[in-house]
Amino acid sequence: MSLQTRIKKLIDQISVGMHEREEIIPVALLGALTGQNTFLYGPPGTAKSLISRRIAKAFDNPPYFEYLMNRFSTPEEVFGSVSIKALKEDQYIRKTENYLPKAEFAFLDEIWKSSPAILNSLLTLINEGIFKNGQELEKTPLKALIAASNETPEENQGLDALYDRFIIRLMVGPIEIKENFESLISSKPTLAEIKVADEVVIKNNEWASWLKKNRYR
């Protein structure tokens, strides 16, 4: 099977039940395959989170992190809680396992509603591939990040540098074709959990190899 045929089959499988997302899913998948960050812009209820979860299924179970941000979000919820054991030894260290610093694929919903403390750390993580954990600089394995919001960053908030890291920006609008809308409301809810054939799923070693080749170009 040629790579072109394989990717086409992969896109078909992760797009099952998704209406009017024929351009969004392939482009966002391409971004993930090449290590580029993607920003999904659109009103609530347009399946932005579902798109991200489906794209994550294109890969062979990478460490995945997902979080819905709001103005009350704390760094602990994104980067991990502080180790009490380390605090007793006068060390400020976060337990990052299962949080963003250990993720290879991540989805951050309503990203611009988060606090400056989170967004500043996120910029360093994306830009330099490191997370400052206490006195240590941890190398982060993040390969692909998808963020979503129904708004863009406000001006003069110091978010331009972070926004610039989202090279791919896609508009995700409501269903427009009547037949697709009727099909959507008359069918069962579209689930994120789908079965992707083993012959087309992207293996971790393949993904790493493609990213390495892309970075050297």
Side-chain angles (χ1 to χ4, degrees), residues 27-28 31-44 48-49 51-53 55-56 59 62-172 207-208 211 214-215:
V27 174
L33 289 172
T34 56
Q36 302 299 325
N37 304 315
T38 298
F39 176 60
L40 303 178
Y41 175 76
K48 298 186 293 296
S49 58
I51 290 170
S52 176
R53 293 167 190 157
I55 292 173
F59 300 90
Y64 179 76
F65 178 77
E66 177 179 319
Y67 184 71
L68 173 60
M69 293 183 164
N70 59 70
R71 62 193 181 97
F72 300 110
S73 298
T74 64
E76 286 74 17
E77 295 170 309
V78 179
F79 303 114
S81 60
V82 176
S83 171
I84 302 300
K85 180 180 179 180
L87 275 179
K88 293 179 180 179
E89 300 174 0
D90 293 329
Q91 299 181 55
Y92 193 85
I93 299 174
R94 295 189 182 279
K95 297 187 289 185
T96 56
E97 196 67 34
N98 299 320
Y99 288 91
L100 182 59
K102 297 298 186 185
E104 292 186 8
F105 192 103
F107 173 61
L108 300 177
D109 201 2
E110 297 300 344
I111 183 172
W112 310 121
K113 288 183 169 60
S114 190
S115 67
I118 292 176
L119 295 177
N120 287 335
S121 295
L122 180 60
L123 175 59
T124 303
L125 192 152
I126 295 175
N127 198 34
E128 302 176 30
I130 59 173
F131 174 69
K132 191 174 188 306
N133 194 358
Q135 299 301 314
E136 300 294 326
L137 295 178
E138 295 183 359
K139 185 69 176 176
T140 56
L142 188 65
K143 294 185 176 75
L145 171 65
I146 296 180
S149 182
N150 58 8
E151 59 189 7
T152 53
E154 295 182 7
E155 294 184 2
N156 304 317
Q157 296 297 312
L159 298 175
D160 292 348
L162 180 57
Y163 191 41
D164 286 344
R165 296 304 179 272
F166 293 94
I167 303 299
I168 301 173
R169 302 172 186 177
L170 302 171
M171 174 72 76
V172 185
W207 195 14
L211 288 176
N214 184 60
R215 290 190 179 111

- [ ] Salt-bridge test for R53 and E66: reply yes if a basic N is under 4.0 Å from a carboxylate O, no otherwise.
- [x]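 Between E66 and R53 there is a salt bridge, with a charged N closer than 4.0 Å to a carboxylate O.
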
(Q) Tell me whether R165 forms a cation-pi arrangement with F39, defined as NZ or CZ under 6.0 Å from the six-membered ring centre and within 45 degrees of its axis. (A)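 Not flagged: R165 not positioned over aromatic ring of F39.
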
Nearest non-hydrogen partners of [X] and [Y], listed with the distance:
X	Y	answer
F79	I118	CZ-O, 3.7 Å
V82	R94	CG2-NH1, 3.8 Å
A106	L100	CB-CD1, 3.5 Å
I168	G31	CD1-CA, 3.4 Å
L125	L142	CD2-CD2, 3.7 Å
G129	K139	O-CD, 3.5 Å

Is the ring pair W207/F105 parallel, tilted or perpendicular, if the boundaries are 30 and 60 degrees?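 Judged by the thresholds at 30° and 60°, the geometry between W207 and F105 is tilted.
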
[X] side chain to [Y] main-chain N or O, any donor-acceptor pair under 3.5 Å?
X	Y	value
N127	L123	no
S52	K48	no
K88	D90	no
N70	S73	yes
E89	A86	no
K143	A32	no

How about S114 and Y67: does a side-chain donor come under 3.5 Å of a side-chain acceptor?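 Not at all, the side chains of S114 and Y67 share no donor-acceptor pair under 3.5 Å.
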
- Query: Would you say the side-chain atoms of Y64 and E104 include a donor-acceptor pair closer than 3.5 Å?
  - Reply: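 No, E104 and Y64 have no side-chain donor paired with an acceptor closer than 3.5 Å.
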
Practice task
Please identify each residue that fulfils ring-ring contact (aromatic ring centres under 6.0 Å, His included) with F107, with sequence neighbours left out.
Solution key: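 Testing F107 for ring-ring contact (aromatic ring centres under 6.0 Å, His included), a comparison that skips the adjacent residues, returns none.
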
